[in-house]
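Contents: one structure, followed by commentary.
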Amino acid sequence: MVLNMSVVNASNIPTELIGVWHGTLGSHEIVACWDPYGGSYYKLQKPLRITLNAEAQNRGSWLENEEVRSETTISWQLQERTGNRLIGTQLRKSKPLKQTIRLTRVQVVKTDKKNEQSCTFSSALYDAFNAPRIAAEEIQSGEPIIFMNKPYRVITALRGHVASVELIGEDELISEVNKILRKEFMDDIGRYISCEVFERPKQGEFESKLRLRFLNSEWLSWSGHVEGYCGGAHPFFESDTRTINLSSSKEVNLWDWFKLKLVKNQEDKSGQVCEFVKDRCLPLNLAKRVLKTRPTYQGKGCNGIDFHEMVDGGYFLGLNEKGITFVPVLSGPARAMVSCYGNYTIPFAELLPYLNQSGLAAVKHILIQASEDVQ
């Protein structure tokens, strides 16, 4: 069957072509994707995306990287589709080149994501297109390190641009923790791969790091930092903390452990310590305690910075070995210092009067486990 390309433009791609395709281009393994606006493909060994744009003067022809005029000499001629198989030829005008394209349609699992037909933005099609290159990334492991009496190692991918950790061992707790951490790690690999400057797809800048902050048989807490530039007006910076209840594998918001005060007016938040972009704030005495606490810094050139002066909408909470840590979310002018991890830790024992029933039970259990570990 000859693929019907009689009418092709930027918003009218043949319905039978839309989807994800896996196969070969000459001797290279490739994955290709078409949505209603055009196509893309990558070689699995070199997973930078290459665009495929319909050539107006030549029906059935797709130009590679048409956005860069010097690269429009390479084209695809899609000649035949039989069922879920597609055959074509890659041609180059500047140098003699003719490579056979053999592709098979990939089954795309439907999700509840919007924009279901996009090869370049969040959708089921996008996930299926990127999955092979995420899975193909090589992971490097570092030397063992001890944290809270448990060995772990740093793992990296993409020449160190994406970094995380994994625990060392075979028991059920370690397996559960590594499953959670590995998902975060693979998600960041996906974010790196999709970080592109779109005027000609080229790799943007992306760095992510994850650090363990607390781990016992019940709780896992870590901090994460991501920064980069993927096109647009500005670079981006993200820092956060996350805490997982290992018995349920569900994330817990540590703000839910406190007796909180609702603050309606913005001016009433002066001198308060509140949840990020929410109106839930600590009791005033505890807020004063946090604001007077000496900070802990991590990062170069961070000592002496008063992060309280640069808070943009509130704080993240996390666990560490000594207590609950309050991590300021920095305002726009302070983003140049966002790679500094500044936090303010209140010891567990000092928090007891300010905790609600669920928080009190959790913290008392943490203290009991800590005393048993010492013994």
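The shortest non-hydrogen separation linking C281 to V263 is SG-CG2, 3.5 Å. Of all heavy-atom pairs spanning R153 and E143, the tightest one is CB-O, 3.8 Å. For the residue pair S208 and V162, the shortest heavy atom distance occurs at OG-CG1, 3.5 Å. Nearest heavy-atom pair across S75 and L63 is CB-CD2, 3.9 Å. The two residues L319 and T325 come nearest to each other via the heavy atoms N-CG2, 4.4 Å. Closest approach of F129 and V31 over heavy atoms only: CE1-O, 3.4 Å.
Taken together through direct or relayed side-chain contacts under 4.5 Å among Ile, Leu, Val, Met, Phe, Trp and Tyr, V165 and I145 form part of one hydrophobic cluster. In terms of hydrophobic clustering, with Ile, Leu, Val, Met, Phe, Trp and Tyr side chains grouped at heavy-atom distances under 4.5 Å, L25 and L91 are assigned to different clusters. In the hydrophobic clustering of this structure, I366 groups with L352; members are Ile, Leu, Val, Met, Phe, Trp, Tyr whose side-chain heavy atoms approach within less than 4.5 Å, directly or through other members. A chain of hydrophobic side-chain contacts below 4.5 Å, direct or via other Ile, Leu, Val, Met, Phe, Trp or Tyr residues, connects V154 to M148. Neither L355 nor L284 shares a network with the other; the hydrophobic side chains, linked directly or stepwise wherever heavy atoms of I, L, V, M, F, W or Y lie under 4.5 Å apart, form separate groups for each.
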Derivation and outcome, side chain to side chain contact (heavy atoms under 4.5 Å, CB included), residues F326 and L282: CA-CA 11 Å; F326 297 78; L282 296 179; 3.4 Å; yes

Test log, rule side chain to side chain donor-acceptor pair (under 3.5 Å), inputs Q77 and S61: CA-CA 5 Å; Q77 303 292 328; S61 178; 3.1 Å; yes

CA sep, side-chain torsions, deciding dist, call: W76, W21, ring-ring contact (aromatic ring centres under 6.0 Å, His included): CA-CA 14 Å; W76 285 26; W21 301 78; over 10 Å; no

Criterion side chain to side chain contact (heavy atoms under 4.5 Å, CB included) on Q140 and T156, from CA distance to verdict: CA-CA 5 Å; Q140 292 81 38; T156 61; 3.6 Å; yes

Side chain to side chain contact (heavy atoms under 4.5 Å, CB included) assessment of I74 paired with R92: CA-CA 4 Å; I74 301 177; R92 183 191 295 163; 3.8 Å; yes

Salt bridge (Lys or Arg N to Asp or Glu O under 4.0 Å) assessment of D256 paired with R280: CA-CA 10 Å; D256 293 337; R280 304 196 305 171; 3.0 Å; yes

Trace of the side chain to side chain contact (heavy atoms under 4.5 Å, CB included) decision for R182 with I139: CA-CA 11 Å; R182 182 55 65 99; I139 297 171; 3.6 Å; yes

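Of the inter-residue distances, the one linking Q272 atom CD with Y315 atom OH reads 10.5 Å to the nearest 0.5 angstrom. Expressed to the nearest 0.5 Å, how far CD1 of I180 lies from CD of E176 amounts to 5.0 Å. Remark: R242 CZ to L210 CG distance equals 9.0 Å, nearest 0.5 Å. Of the inter-residue distances, the one linking R49 atom CZ with C119 atom SG reads 8.5 Å to the nearest 0.5 angstrom. The CG atom of L260 lies 9.5 Å from the CG atom of L286; values are rounded to the nearest 0.5 Å. Rounding to the nearest 0.5 Å places NZ of K43 at 9.0 Å from CD1 of I30.
Considering L181, V177, L167, L215 in turn, L167 is the only one that fulfils the side-chain contact (heavy atoms from CB on, under 4.5 Å) rule with Y152. Of the candidates N285, L360, I324, N285 is the only one forming a side-chain contact (heavy atoms from CB on, under 4.5 Å) with Y354.
Distance alone, capped at 3.5 Å, is enough to place a donor-acceptor pair between the D35 side chain and the G38 backbone. In this structure a side-chain-to-backbone donor-acceptor pair under 3.5 Å is missing from E29 to Q45. Looking only at distances, no side-chain donor or acceptor of E218 sits under 3.5 Å from a matching main-chain atom of N245. With hydrogens and angles ignored, the 3.5 Å screen pairs no side-chain donor or acceptor of N320 with any backbone N or O of F214.
Counting heavy atoms from C-beta outward, I346 and Y344 have side chains that stay 4.5 Å or more apart. A 4.5 Å side-chain heavy-atom check between Q117 and Y37 finds every atom pair outside the cut-off. When side chains are defined from C-beta on, I101 counts as touching Q90, because their heavy atoms get closer than 4.5 Å. Put simply, the side chain of V363 does not reach to within 4.5 Å of the side chain of L351, judged on heavy atoms. Between W34 and L78 there is a side-chain heavy-atom pair separated by less than 4.5 Å. Between N253 and E275, the closest side-chain pair of non-hydrogen atoms falls below 4.5 Å. Side-chain contact between W219 and L246 is absent, with no heavy-atom pair separated by less than 4.5 Å. Looking only at side-chain heavy atoms (C-beta outward), I168 and I174 stay at 4.5 Å or farther from each other.
The local environment of CZ in R85 is sparse, with at most 12 non-hydrogen atoms from other residues, nucleotides or ligands closer than 6.0 Å. Within a 6.0 Å sphere centred on CG of D171, heavy atoms belonging to other residues, nucleotides or ligands number more than 12. More than 12 heavy atoms of other residues, nucleotides or ligands shown are found within 6.0 angstrom of NZ on K150. Crowding of R105 atom CZ: a count of heavy atoms from other residues, nucleotides or ligands under 6.0 Å exceeding 12. No more than 12 heavy atoms of other residues, nucleotides or ligands sit less than 6.0 Å from atom CD of Q357.
Note: F276 and F316 meet the aromatic proximity criterion, with ring centroids under 6.0 Å apart.
A salt bridge links D187 to K183: at least one charged side-chain nitrogen sits closer than 4.0 Å to a carboxylate oxygen.
Ring-plane geometry between F236 and F206 is classed as tilted, the angle between the planes lying from 30 to 60 degrees on a 0 to 90 degree scale.
Using modelled atom types and a 3.5 Å distance limit, the side chains of H225 and S239 yield a donor-acceptor pair. Side chain to side chain, E184 and S164 fail the donor-acceptor criterion of an N or O pair below 3.5 Å. Of the N and O atoms on the side chains of Y126 and S194, at least one donor lies less than 3.5 Å from an acceptor on the other residue.
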